[in-house]
Protein chains: 2
Amino acid sequence: MVLKDYNKEDKVLLAVDCIIFGFDEEGLKILLIKRDFEPKKGCWSLIGGFQKKDENLDQAAIRILNHLTGLHDIYMDQLYAFSKVDRDPKERTISVAYYALIDIATHDSDLIRLDSAQWFSLKKVPSLIFDHNLMVKKAIARLRQSAMTKPIGFELLPEKFTMRQLQQLYESILNKKLDKRNFINKVNSLDILIKLEEKDMTVSRKGAYLYRFDKDKYYKKLLEGFSFKL
Amino acid sequence: MVLKDYNKEDKVLLAVDCIIFGFDEEGLKILLIKRDFEPKKGCWSLIGGFQKKDENLDQAAIRILNHLTGLHDIYMDQLYAFSKVDRDPKERTISVAYYALIDIATHDSDLIRLDSAQWFSLKKVPSLIFDHNLMVKKAIARLRQSAMTKPIGFELLPEKFTMRQLQQLYESILNKKLDKRNFINKVNSLDILIKLEEKDMTVSRKGAYLYRFDKDKYYKKLLEGFSFKL
DNA sequence: ACAAAAGTGTTTGCATTACACCCATGT
DNA sequence: ACATGGGTGTAATGCAAACACTTTTGT
């Protein structure tokens, strides 16, 4: 090899697919859309589109998500590049998957106008196009992994939430029951929550105290590096 | 949007860059090559090339690594897709980075004929082309992360090795000193090493027992899921 | 005899787990 | 008065960290 001629190299379509995790009283869910174009029109699919030349992948993910769902100000992390040769039957396409966590209730206003987008419980995810089920599987694994090492959930809960909600969130992510007292002790020892005077009275006769995250403390601890085992 | 015309979408060049970690008596290193083509001819660079249409990214990484270095039978993991718009000044290129761990001594015969490839200690990595230093940084972070949660090192050491070598490996990866006795106790408790009768007499007057990995036990434990904190 | 690296156990503190009863309120 | 979910503390256990001396053998 003496000189590389870039023009001789193959070019490919680069897609981005977004796995959006949401949480509400029923548990952990993902957001899917019904495709309105071929191939596979009418099938359920992740939120996806093609990257444009003048944007990087993070930007493409944000644009695509916003364009298809109206969601904005969502921070997404890159998950993995999926590149099986025949993954898209129509044309050679590589897809880079992104994922994000959001609170269903606070973002529902963005979504409400869409009849094509729908939340699915993790256990009831339908068969998706291409390799999208594989992407979902990988995203869940990543989510679980990161839930075990650092506190997440921040983004999945409303501004104010009860301890029980936070615990249920972790139970859905880790897919196992946790002890109430141990969970509370653990979370309190992290010192990233602020207990409010307010109670959520809808949840029981007695009512449950509401909490919110202390973002300053949270970010400070993130830098120092937590450990958070459950 | 009614129908999607794939032909209207932008296509891009997709590159693969490989971060190859190696280990020898001097510590942890990475393998770099001197570019023999433009742009940036003569600069140090990761081992990289372009993906071809008829292969997936894993295959491309293996092909490129083998082509440029002669290395074969190396298992690589995907690290991250780098997509900054102007990362390659010549043309819009997205690069998916892969990384692998190998034992320098056992693979040296593949590399010996190359004058363009060279090992660099982690602390002495030169300035690299494009965003390759960023890739290296991310790969080190990933390596550290995975070293803290599961036993790696398998691939970084020769068939037979001493406890002290294994410990030094972990010390280089984690960049801190570890206690000899605690390290040994920990590793032994995992029950994935086989102690041999043989001793390595080159290393000291007294000599040090050699060990090798028990691959069966190791893979079995991997499935069950270890935890390995140091 | 001594220098150089290998080998070996025990104690201490900290973090995780298991576990059961009372409280406040609406019906 | 009772049913429902919320809230609270302690004891036992397991894991990680700290720590010092003896062994071998080449020079």
Side-chain angles (χ1 to χ4, degrees), chain A residues 24-27 147-151 157 160-172 174-212 221 224-230, chain B residues 25-27 147-151 157 160-212 221 224-230:
Chain A
D24 66 11
E25 57 287 344
E26 292 171 49
M148 282 191 297
T149 50
K150 56 174 175 273
L157 291 171
K160 300 170 183 178
F161 53 87
T162 66
M163 271 290 177
R164 202 47 50 95
Q165 276 177 287
L166 185 60
Q167 183 178 343
Q168 278 161 3
L169 169 60
Y170 270 86
E171 288 178 344
S172 343
L174 301 175
N175 200 28
K176 66 175 179 190
K177 282 250 160 277
L178 301 172
D179 181 87
K180 191 162 56 160
R181 282 171 290 187
N182 292 339
F183 184 81
I184 290 173
N185 289 156
K186 182 65 172 240
V187 170
N188 280 336
S189 76
L190 290 174
D191 187 33
I192 52 169
L193 292 189
I194 297 167
K195 186 176 190 169
L196 306 173
E197 294 304 308
E198 230 175 319
K199 278 189 162 188
D200 178 351
M201 299 306 294
T202 67
V203 72
S204 78
R205 322 245 188 251
K206 186 180 176 185
Y209 281 106
L210 287 165
Y211 292 79
R212 59 183 182 77
K221 295 230 171 181
E224 297 160 16
F226 289 98
S227 70
F228 189 68
K229 320 257 153 47
L230 282 169
Chain B
E25 57 288 343
E26 291 172 49
M148 282 191 298
T149 51
K150 54 175 178 277
L157 291 172
K160 299 171 183 176
F161 51 89
T162 66
M163 271 292 176
R164 201 47 51 94
Q165 276 178 286
L166 186 61
Q167 184 179 342
Q168 278 161 2
L169 169 59
Y170 269 85
E171 289 178 345
S172 345
I173 293 174
L174 301 175
N175 200 27
K176 66 175 180 189
K177 282 250 162 275
L178 301 172
D179 181 88
K180 194 163 55 160
R181 281 170 291 187
N182 290 341
F183 184 81
I184 290 173
N185 289 157
K186 182 63 170 245
V187 170
N188 279 336
S189 76
L190 290 174
D191 188 32
I192 52 169
L193 292 190
I194 298 168
K195 187 175 189 169
L196 307 174
E197 293 305 308
E198 230 174 318
K199 277 189 162 188
D200 177 351
M201 298 307 294
T202 68
V203 73
S204 77
R205 324 240 186 255
K206 186 180 177 185
Y209 281 106
L210 288 164
Y211 291 78
R212 57 183 183 78
K221 295 230 170 179
E224 297 160 16
F226 292 96
S227 71
F228 189 68
K229 319 257 150 47
L230 280 169

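Letters A, B, ... mirror the listed sequences (proteins, then strands); counts begin at 1. Every value quoted in this text rests on a predicted model; they were computed, and no experiment measured them.
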Starting at atom [atom1] of [X], determine the distance to atom [atom2] of [N], rounded to an integer number of angstrom.
X        : N      : atom1 : atom2 : value
B:Leu190 : D:dA16 : CG    : C1'   : 13 Å
A:Lys176 : C:dT16 : NZ    : C1'   : 11 Å
B:Phe183 : D:dA16 : CZ    : P     : 13 Å
B:Met201 : D:dT23 : CE    : C1'   : 13 Å
A:Tyr170 : C:dT16 : OH    : P     : 14 Å
A:Asp179 : C:dA15 : CG    : C1'   : 15 Å
B:Asp200 : D:dT24 : CG    : C1'   : 15 Å
B:Lys177 : D:dA16 : NZ    : P     : 21 Å

Task: A:Tyr209 OH: over 12 foreign heavy atoms closer than 6.0 Å - done: no
Task: Heavy atoms of other groups near A:Lys150 NZ, more than 12 under 6.0 Å - done: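 Count not over threshold, so no.
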Task: Comparing B:Lys229 and A:Asn185 on DNA chain D - which has the more 5′ nearest nucleotide - done: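 Counting from the 5' end, the first nearest nucleotide belongs to A:Asn185.
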Task: Pairwise distance CD(B:Glu197) to CG(B:Leu210) - rounded to 0.5 angstrom - done: 11.0 Å
When you measure from the side chain of [X] to the backbone of [Y], do you find a donor-acceptor pair of N or O atoms at a distance under 3.5 Å?
X        : Y        : answer
B:Lys186 : B:Lys229 : yes
A:Gln168 : A:Glu25  : no
B:Lys221 : B:Ile192 : no

- [ ] Please tell me if the side chains of A:Lys160 and A:Asp200 come closer than 4.5 Å, counting only heavy atoms from C-beta onward.
- [x] no
TODO: Verify the contact: side-chain N or O of A:Lys186 to OP1 or OP2 of C:dT16, cut-off strictly under 4.0 Å; return yes or no.
DONE: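 Answer yes for this pair, as a side-chain N or O of A:Lys186 is under 4.0 Å from OP1 or OP2.
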Report all interatomic pairs (protein N or O, nucleotide N or O of nucleotides 3-7 of chain C) with separations under 3.5 Å.
unit_1: C:dA6; atom_1: OP2; unit_2: B:Arg164; atom_2: NH1; d: 2.6
unit_1: C:dA6; atom_1: N3; unit_2: B:Lys206; atom_2: NZ; d: 3.2
unit_1: C:dG7; atom_1: OP1; unit_2: B:Tyr209; atom_2: N; d: 2.9
unit_1: C:dG7; atom_1: N7; unit_2: B:Lys180; atom_2: NZ; d: 3.2
unit_1: C:dG7; atom_1: O6; unit_2: B:Lys180; atom_2: NZ; d: 3.0

Open item on the list: For D:dA17, does the base pair up with any side-chain atom of B:Arg181 as donor and acceptor (N or O, under 3.5 Å, distance only)?
Closed with: no
